[in-house]
Amino acid sequence: MTKENPYLAHRHPTERAILSASTLNSASASSREPLYGFVPRMVNAEQVRQALEHDLNPFTKQPHTAQYKKILEARKKLPVFAQMTEFYKIFNKHQIIVMVGETGSGKTTQIPQFVAYSDLPHTKNKLVACTQPRRVAAMSVAKRVADEMDVQLGRQVGYSIRFEDMTEPGTTFLKYMTDGMLLREAMNDPDLNRYSTIILDEAHERTLATDILMGILKGLAQRRTDLKIIIMSATLDALKFQKYFAVSGDTPAPLFKVPGRTHPVEVFYTQEPEPDYVEAAIRTVLMIHRAEDPGDILLFLTGEEEIEDACRKIKLEADDLLNSDPESVGPLICIPLYSSLPPQQQQRIFDPPPKSSSPDGPPGRKVVISTNIAETSLTIDGIVYVVDPGFSKQKVYNPRIRVESLLVSPISKASAQQRAGRAGRTKPGKCFRLYTEKDFMSELEEQTHPEILRSNLANTVLELVKAGIKDLVKFDYVDAPAPETLMRALELLNYLAALDDGGNLTALGSIMAEFPLDPQLSKILIASPEFKCSNEILTITAMLSVPNVWLRPNNQRKEADAAKALLTVPDGDHLTLLNVYNSYKDNQYDKNWTWNNYLSARALMQADNVREQLKRTMERFEVELISVQDQKKMFLSIRKALCCGFFMQVAHKEGEKGNYMTLKDNQVVALHPSCGLDTQPEWVIFNEFVLTTRPYIRTVTDVQPDWLLENVQFFDLQNWPDSETKRALERSRKKQSGKFASRFEQADVSKQGGGSSKKRRKQG
DNA sequence: GAGCACTGC
């Protein structure tokens with residue numbers, strides 16, 4: 001039996017106490033403990049149903065409230081509730097299970113509770129964790145489940161996200177958290193000993209963190225036979241997970257499947273491919289508005305510019321229609337939706353559609369024009385029509401030139417299905433796909449490529465090494481990244497001295513991993529005390545890890561640029577970011593000040609938040625916080641400090657046309673127009689390479705070649721292929737050693753006595 | 001002389 005149920009071997013004394021106390025109680029069932037007779041991991045659905053009906057809350061020992069009973073009745077109607085018996089049968093028997101539950105099945109709220117009744121984590125000081133890809137989901141689901149369980153949020157049921165730990169150690173036994181947060185925990189406790197069961201929700205989204213966690217958990221399941229794992233996914237790609245988590249290699253992990261509860265959506269395709277999807281989308285929206293029954297429209301486009309443009313055009317045409325034919329066409333409002341919109345404007349998607357223009361006139365309609373944010377992160381009720389041109393911007397990583405960029409690409413079938421589903425949330429709907437059925441069948445990929453195949457993995461590799469994963473190439477990935485991507489990551493970490501030549505974590509790398517930053521940034525942060533500017537580098541790293549702080553409204557570009565010019569430091573954009581933050585602080589974090597200076601208050605607040613978090617980590621690892629007082633010296637120190645993390649992101653000026661060439665891979669790039677440098681320095685470091693209308697480098701600072709050359713391991717010039725940048729570096733290295741020579745010469749001269757050194761200096 | 005798909009630590 002111990003073999004069947006390894007969990008029993010780890011029983012905690014208090015649990016035995018509960019069981020024996022309950023056994024002694026000979027009174028009627030209703031006066032017994034609600035969990036009377038519960039044996040962990042051998043609980044069945046009948047027992048749980050009884051416990052749920054009990055007058056007492058088993059976890060607080062308080063009588064259940066009326067609200068509890070009301071919510072319980074609603075819970076009983078969820079599809080997943082009807083299959084509780086089946087769930088416990090599978091869960092009791094297996095260590096790892098895969099669950100598929102379509103939208104509306106209730107899996108996210110119910111399954112973790114079912115698990116809690118089986119694990120009884122509160123009796124052994126353990127937790128049940130359920131991960132979510134997004135913070136808002138973790139928070140809102142935790143709140144809902146706390147209500148369902150009749151407990152206060154943050155006590156028995158809590159959540160944990162970056163910047164907010166809403167749990168109570170020793171009390172919380174059911175925790176919703178972001179997948180990134182659990183990955184961080186795995187870094188420092190690779191056995192995840194606090195948890196009795198870990199549930200990975202929304203696994204089909206294949207976020208980088210979920211993918212890495214799946215790999216870690218698969219290995220961990222062997223070491224911790226008492227740990228149970230549930231992979232929850234919404235679509236039918238479950239077989240891939242079942243095979244991945246196969247027991248002893250061939251028997252797929254068992255599947256627990258629950259139907260969803262949505263309305264049917266009728267799908268239409270175009271007869272011919274559309275040459276211009278934006279134009280076709282606008283036409284389709286207007287066609288729906290003229291000819292279809294009332295109901296709101298959701299149109300998917302790829303980015304801010306496209307969305308704002310389409311909004312204007314639709315509005316113009318719709319106003320024309322309304323003017324020419326008010327009898328049959330109602331008013332229409334267009335609401336743009338993308339992540340960089342301020343939350344207040346995002347809220348507009350929940351506004352009701354406009355009222356009809358006359359008492360008996362046709363009803364108004366709302367059109368939401370959105371990026372992919374409406375595909376997963378935000379749901380809008382009342383959508384009946386979806387218009388899907390079949391494209392989205394997707395991140396792609398090119399390890400050869402070490403560049404992540406955004407490309408407009410065709411979506412996957414899974415994504416198209418998800419979009420169509422958005423039309424059936426409140427009643428039957430229609431989805432208009434602006435591509436042919438043939439293209440859908442034969443051209444679209446089944447699934448969107450998981451993020452791990454499209455990302456720079458420097459950060460991830462460092463986290464994995466810190467979690468004790470020795471061989472990253474052999475690590476059991478659900479989908480293995482390109483070897484070249486791993487090589488690039490290992491190479492960067494080695495140059496930054498986070499990993500030694502054998503790929504082992506160095507003391508420096510171990511601290512770097514603790515910072516929620518790209519490795520280049522954690523490196524400069526840790527190195528900054530040497531340059532006596534750690535307070536400043538702290539600010540700069542925080543500013544670099546939040547969205548763009550500069551606002552540039554379409555109709556006030558000149559004003560915005562003028563405001564920016566006043567804050568610009570000509571030696572480099574990094575110094576400008578420091579200046580912006582300091583000015584923000586000097587102005588008491590005033591929102592009016594940010595508004596008047598065309599700065600994003602949201603991004604600055606976020607930067608301040610990140611800065612505090614990073615500062616705490618610095619204090620924890622005794623990274624000293626110091627500054628030099630003299631501003632000129634300080635700026636110089638900062639520029640030098642930046643070089644010890646960004647020596648691989650350097651560009652050299654070529655000719656007089658403002659062209660730059662990146663080091664080692666010799667890409668021709670231009671300074672981004674947002675760059676604030678007043679001259680075109682010979683050598684610059686850059687924070688990012690962006691590929692838009694042409695290759696640009698963005699957030700750029702003027703540096704000296706000898707600061708770069710200090711990183712001798714990277715600048716082993718004799719092994720570099722010949723190029724103009726290499727020759728320029730060699731020239732400056734020669735000059736540098738020349739300087740050393742003359743210094744030695746001077747020293748020798750002064751040793752010999754005589755006042756010639758003074759003379760010499762005057763001559764020079 | 002241009003941009004920020006979306007998350008997350």
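The sequence lines fix the lettering, A, B, ..., with proteins before strands; numbering per chain opens at 1.
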### Task
Output, in order, the C-alpha distance, side-chain angles, deciding distance and verdict of side-chain hydrogen bond (donor to acceptor under 3.5 Å, both in side chains) for A:Thr207 and A:Thr210.
CA-CA 5 Å; A:Thr207 67; A:Thr210 300; 2.9 Å; yes
### Task
Let me see the working for A:Arg134 and A:Glu202 under salt bridge (Lys or Arg N to Asp or Glu O under 4.0 Å), right down to the final yes or no.
CA-CA 10 Å; A:Arg134 284 166 293 279; A:Glu202 314 288 0; 5.4 Å; no
Taking any heavy-atom pair under 4.0 Å as a contact, classify [X]: base, sugar-phosphate, or nothing.
| X | value |
| --- | --- |
| A:Asp561 | base |
| A:Ser392 | nothing |
| A:Ile161 | sugar-phosphate |
| A:Arg557 | base |
| A:Leu406 | base |
| A:Ser339 | sugar-phosphate |
| A:Glu304 | base |
| A:Pro133 | sugar-phosphate |
| A:Tyr696 | sugar-phosphate |
| A:Arg552 | base |
| A:Arg134 | sugar-phosphate |

Please tabulate, one pair per line, all N/O donor-acceptor pairs under 3.5 Å involving side-chain atoms of residues 562-573 of chain A, not counting sequence neighbours.
residue: A:Lys564; atom: NZ; partner: A:Ser674; partner atom: O; Å: 2.9
residue: A:Thr568; atom: OG1; partner: A:Lys564; partner atom: O; Å: 2.8
residue: A:Asp573; atom: OD1; partner: A:Gly676; partner atom: N; Å: 2.8
residue: A:Asp573; atom: OD2; partner: A:Val700; partner atom: N; Å: 2.9

### Task
Decide, yes or no, whether a salt bridge links A:Arg184 with A:Glu463 under the criterion of side-chain N to carboxylate O below 4.0 Å.
yes
### Task
Please step through side-chain hydrogen bond (donor to acceptor under 3.5 Å, both in side chains) for the pair A:Asp608 and A:Tyr581, ending with a clear verdict.
CA-CA 8 Å; A:Asp608 193 52; A:Tyr581 176 85; 2.6 Å; yes
### Query
Which residue, A:Leu691 or A:Asn459, contacts DNA chain B at a nucleotide closer to its 5' end, judged by nearest heavy atom?
A:Leu691
### Summary
Between A:Leu337 and A:Leu517, the residue closer to the 5' end of DNA chain B by nearest nucleotide is A:Leu337
## Note on the structure
First and last nt of DNA chain B near chain A, cut-off under 4.0 Å to heavy atoms, 5' to 3', are B:dG1 to B:dC9
### Query
By salt bridge (charged side-chain N to carboxylate O under 4.0 Å, His left out), which residues pair with A:Glu445, not counting sequence neighbours?
none
### Query
Would you call the rings of A:Phe440 and A:Tyr435 parallel, tilted or perpendicular if under 30° counts as parallel and over 60° as perpendicular?
parallel
